[in-house]
Amino acid sequence: MVSIGKVKREFPPPAHFIMEIESYSQLFAKFDDRYQSGIFEAGDYKWRLVFYPNGDKKSNASGHISLYLAIDDANNHRDNNWSVYVNFKFFVQDQNENKYLPIEEAKGVVREFNRRKKEWGCDRLLSLEAFMEPSNGYLVNDCCAFGVEVFVIKSTGCGETLSMVSVEPAESTHPWEIRNFRNLAYAGSQYSESFTVKERKWRIKICPMGDGSEMGRSLALYLILDKEESPQPNRKVYAKFKLRVLDHRRINHSEKQLSHWFTTKNSKDSEWGSNEFVPLMDLYDPGCGYLNNDGTLIVHVEFAVVSEIGGNDGRKARPTARAACKSLENNHECQIGGNDGRKVRPTARAACCSRGQQRALRCTCSKLCCQVWLVSGVTATANSALMAVVR
C-alpha cells in the first residue's frame with residue numbers, strides 16, 4: 001500500500017538522487033519497457049532507480065507509473081548471504097508549487113535487500129491520470145522530476161542502559177562538619193571534600209552569607225557533581241537527594257528534598273540546591289540550635305536515587321546515510337546529463353520546453369545527484385535503457 005505524504009517539502013530537495021525527464025510524452029509513446037538510471041551512492045552502497053513510464057506489466061500496474069530502488073551488482077559483498085536493510089522514500093516534484101511530494105512504499109517500512117531480492121519500490125507510484133493532471137504540477141511543459149532518499153540501517157554497536165538505582169543506607173548519607181563557621185561569614189563559598197556515591201564524585205557547596213537574590217538574607221546550600229571525576233561533559237547524571245542543616249539539639253533540622261539532572265558541561269547544571277535554605281537570622285540565633293557552642297555547623301546530603309548508565313559510553317554512532325552521492329557512470333548513448341559537467345538542472349522549475357530551448361544549470365550541490373533525460377528524437381530501442389535518440 002503506497003503511503004503518500006500529506007505535506008509537500010519545499011527545501012531541501014531529495015538528498016541522494018534526482019532524475020529529471022524532458023519530453024516525457026515522447027518517452028511515454030515510444031518506450032514500453034523499463035529504464036535504469038545511472039549509479040548513485042548512499043550509505044556506502046551503490047544504487048539505481050528503475051523507472052516504468054507505462055507501469056510494470058509483471059505487477060499488473062498498467063495505467064500507473066512504477067518506480068523501484070535497486071541495489072547495484074557493482075557492490076562488493078563479503079559473501080552470498082549479504083543483507084542490506086534500508087528505509088527509503090521517493091519524491092515527485094510539484095512544479096506548480098516548487099515542492100516535492102514524498103511517497104513511500106509503506107510508511108516507515110524497512111526493506112531487506114539481498115541477492116534474491118534486489119529491488120523494492122512502488123508498482124503503483126501514481127496513476128497516469130493523476131500524474132498528467134495539470135493542476136497537480138507533476139508534468140509541466142512535458143517535463144517531470146523524481147527523487148529518492150536512501151537511509152541504510154547499520155548497527156554501530158553503540159548503546160546504553162539507563163537505570164535508576166536506590167542508594168544503600170551505608171552509602172547514602174554524607175555529613176560535613178564546618179568548624180568556626182562564624183569566622184567564614186565573609187570568606188565566600190566553601191566546598192566540602194569530595195565523596196563517592198555510585199562511582200561518581202560529589203561535593204557540597206555552602207555560601208555562608210547567601211547567594212544571588214538572597215545574598216545577606218539566607219544560607220545557600222548546593223550539591224555539586226565534581227568536575228574532576230565526572231562523566232563526559234554531555235553525559236547527565238540524575239540524583240534524588242536531601243540537603244539538611246542539622247539542629248544539634250536534634251529538634252528542628254532544616255532540610256529540602258531535591259532532584260536534578262547533573263552535568264559538568266556548564267556550572268549552572270553541575271550544582272543544584274537552594275539559596276533560601278535557612279534565614280541568616282535563624283542560623284545565628286542560639287535558640288534555633290544550628291550552631292553549637294564552639295560555632296560548628298553540620299550539614300548533610302542524603303541520596304535516595306542515582307542514575308547509572310551502562311553501555312558503550314562516549315562512543316559516537318557512525319552516520320549511516322551521509323555518503324556524498326555522485327554520478328558514477330553514464331553508459332547510455334542517449335543524451336543524459338548529470339554531475340559530470342554536462343547538462344543538468346538541479347530542479348525542474350525552469351520549463352525549458354516552453355521556450356523552445358534547452359536551458360541548463362550546473363549542479364552546485366556536491367551531495368545531490370541529478371540526471372536529465374533529453375528525449376527529443378523519434379527512435380528508441382529498449383534494452384533496460386534508451387540506446388539512441390536521433391535529434
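Position 1 is the first residue of the sequence; numbering continues from there.
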Exercise. Does some side-chain heavy atom of Lys89 sit less than 4.5 Å from a side-chain heavy atom of Val148?
Worked result: no
Exercise. Does Trp176 have its ring centroid less than 6.0 Å away from the ring centroid of Phe195?
Worked result: no
For this session: Establish, yes or no, whether the cationic atom of Lys205 lies under 6.0 Å from the six-membered ring centre of Tyr222 and within 45° of the ring axis.
Result: yes
Problem set entry | Chi angles and distances behind the salt bridge (Lys or Arg N to Asp or Glu O under 4.0 Å) call for Glu168, Lys198 | CA-CA 10 Å; Glu168 298 297 327; Lys198 293 299 178 184; 5.8 Å; no
Seminar exercise, completed: Given the options Tyr100, Phe51, Tyr35, Tyr138, Phe146 meets ring-ring contact (aromatic ring centres under 6.0 Å, His included) only with Phe51
Exercise. Can we say Asp56 and Lys58 salt-bridge, meaning some charged N sits less than 4.0 Å from an Asp/Glu carboxylate O?
Worked result: no
For this session: Nearest 0.5 Å please: distance from the OG atom of Ser194 over to the CD1 atom of Ile224.
Result: 11.5 Å
For this session: Quick one: sort the His260 and Trp272 rings into parallel, tilted or perpendicular, breaks at 30° and 60°.
Result: parallel
Problem set entry | Lys/Arg-Asp/Glu bridge criterion (N-O < 4.0 Å) met for Lys118, Asp72 | no
Exercise. Does a salt bridge link Glu112 with Lys117, judged by any charged N lying under 4.0 Å from a carboxylate O?
Worked result: no
Exercise. How about Asp294: does its CG atom have over 12 heavy atoms from other parts shown lying under 6.0 Å from it?
Worked result: yes
Exercise. Between Leu139 and Ile103, is there a shared hydrophobic cluster once you connect ILVMFWY residues whose side-chain heavy atoms come closer than 4.5 Å?
Worked result: yes
Problem set entry | Any Pro102 side-chain heavy atom under 4.5 Å of Phe90 side chain | no
Exercise. If Ile, Leu, Val, Met, Phe, Trp and Tyr residues are connected whenever their side-chain heavy atoms lie under 4.5 Å apart, and connections chain through other members, are Leu128 and Tyr52 in the same group?
Worked result: no
Exercise. Do Val306 and Val165 come close enough that some side-chain heavy atom pair is under 4.5 Å?
Worked result: no
Exercise. Got a sec: does the CG of Asn76 have more than 12 other heavy atoms crowding it under 6.0 Å?
Worked result: no
Problem set entry | Check: Tyr24 ring centroid to Phe131 ring centroid under 6.0 Å | yes
For this session: In sequence, state the C-alpha distance, the side-chain angles, and the governing distance for Glu133 and Ser135, and then conclude on side chain to side chain donor-acceptor pair (under 3.5 Å).
Result: CA-CA 6 Å; Glu133 169 57 44; Ser135 63; 3.0 Å; yes
Exercise. Side chains of Asp142 and Ser25: do they bring a donor and an acceptor to under 3.5 Å?
Worked result: yes
For this session: Quick one: do Phe262 and Trp202 satisfy ring pair (Phe, Tyr, Trp, His ring centres under 6.0 Å)? Show the steps, please.
Result: CA-CA 11 Å; Phe262 291 84; Trp202 306 84; 5.2 Å; yes
Problem set entry | Note: Arg244-Glu255 ion pair, threshold 4.0 Å (strictly below) | yes
Exercise. Do side-chain atoms of Ser274 reach the backbone of Glu276 as a donor and acceptor pair under 3.5 angstrom?
Worked result: yes
Problem set entry | Passing option when Phe113 is tested against Tyr68, Trp47, Trp82 for ring-ring contact (aromatic ring centres under 6.0 Å, His included) | Trp47
Exercise. What's the verdict on side chain to side chain contact (heavy atoms under 4.5 Å, CB included) for Asn275 and Ser213, showing C-alpha distance, side-chain angles and the deciding distance?
Worked result: CA-CA 8 Å; Asn275 66 348; Ser213 62; 3.8 Å; yes
Exercise. Is Arg200 salt-bridged to Asp226, going by a charged N under 4.0 Å from an acidic O?
Worked result: no
Problem set entry | Residues Arg179, Glu177: salt bridge by 4.0 Å N-O rule | yes
Exercise. Hey, do the aromatic rings of Phe88 and Trp120 have their centres closer than 6.0 Å?
Worked result: no
Exercise. Does the side chain of Leu221 reach to within under 4.5 Å of the side chain of Lys256, using non-hydrogen atoms?
Worked result: no
Exercise. Less than 4.0 Å between a side-chain N and a carboxylate O, is that true for Arg9 and Glu149?
Worked result: yes
Exercise. Can you check side chain to side chain contact (heavy atoms under 4.5 Å, CB included) on Asn75 and Val84, steps first, answer last?
Worked result: CA-CA 11 Å; Asn75 290 287; Val84 180; over 6 Å; no
Exercise. Is the side chain of Asn292 donor-acceptor paired with the backbone N or O of Gly295 at a distance under 3.5 Å, no angle test?
Worked result: yes
For this session: Check the angle between the aromatic planes of Phe241 and Phe303 and answer parallel, tilted or perpendicular using the 30° and 60° thresholds.
Result: tilted
Problem set entry | Same apolar cluster: Val305 and Trp261, side chain cutoff 4.5 Å | yes
Problem set entry | Residues Lys8 and Asp94 bridged, charged N to O under 4.0 Å | yes
Exercise. Are Leu225 and Asp269 close enough that some pair of their side-chain heavy atoms sits under 4.5 Å apart?
Worked result: no
Exercise. Taking side chain as C-beta onward, heavy atoms only, is Arg124 less than 4.5 Å from Ile65?
Worked result: no
Exercise. Once the angle between the rings of Tyr45 and His77 is folded into 0 to 90°, is it parallel (under 30°), tilted (30 to 60°) or perpendicular (over 60°)?
Worked result: parallel
Problem set entry | Check: Ile18 main-chain N/O paired with Glu20 side-chain donor or acceptor under 3.5 Å | no
For this session: Would you confirm whether Ser192, through its side chain, and Ile204, through its main-chain N or O, come within 3.5 Å as a donor-acceptor pair?
Result: yes
Problem set entry | Donor-acceptor contact present, side-chain Asn96 to main-chain Pro134, <3.5 Å | yes
Exercise. Phe181 and Leu219: which non-hydrogen atoms are nearest, and at how many Å?
Worked result: CZ-CD1, 3.9 Å
For this session: Give the cluster check for Leu67 versus Met132: same hydrophobic cluster or not, with ILVMFWY residues linked at side-chain heavy-atom distances below 4.5 Å.
Result: yes
Exercise. Is it true that a side-chain atom of Asp123 and a backbone atom of Ser66 form a donor plus acceptor pair closer than 3.5 Å?
Worked result: no
Exercise. Are Val245 and Met215 linked, directly or through other ILVMFWY residues, by side chains that come within less than 4.5 angstrom of each other?
Worked result: yes
For this session: Check whether any side-chain N or O of His300 sits under 3.5 Å from a backbone N or O of Pro175 as a donor-acceptor pair, and report yes or no.
Result: no
For this session: Could you walk me through whether Val150 and Val86 pass side chain to side chain contact (heavy atoms under 4.5 Å, CB included), step by step?
Result: CA-CA 7 Å; Val150 182; Val86 178; 3.6 Å; yes
Exercise. Taking atom types as modelled, is there a side-chain donor on Thr196 or Lys201 under 3.5 Å from an acceptor on the other?
Worked result: yes
Exercise. Is the number of heavy atoms from other residues, nucleotides or ligands under 6.0 Å of Met164 CE greater than 12?
Worked result: yes
Problem set entry | Any His174 side-chain heavy atom under 4.5 Å of Val197 side chain | yes
Exercise. Checking Arg249 side chain against Gly287 main chain: does a donor-acceptor pair fall under 3.5 Å?
Worked result: yes
For this session: Kindly determine whether Leu283 and Phe277 satisfy side chain to side chain contact (heavy atoms under 4.5 Å, CB included), including the steps that lead there.
Result: CA-CA 10 Å; Leu283 182 68; Phe277 215 91; over 6 Å; no
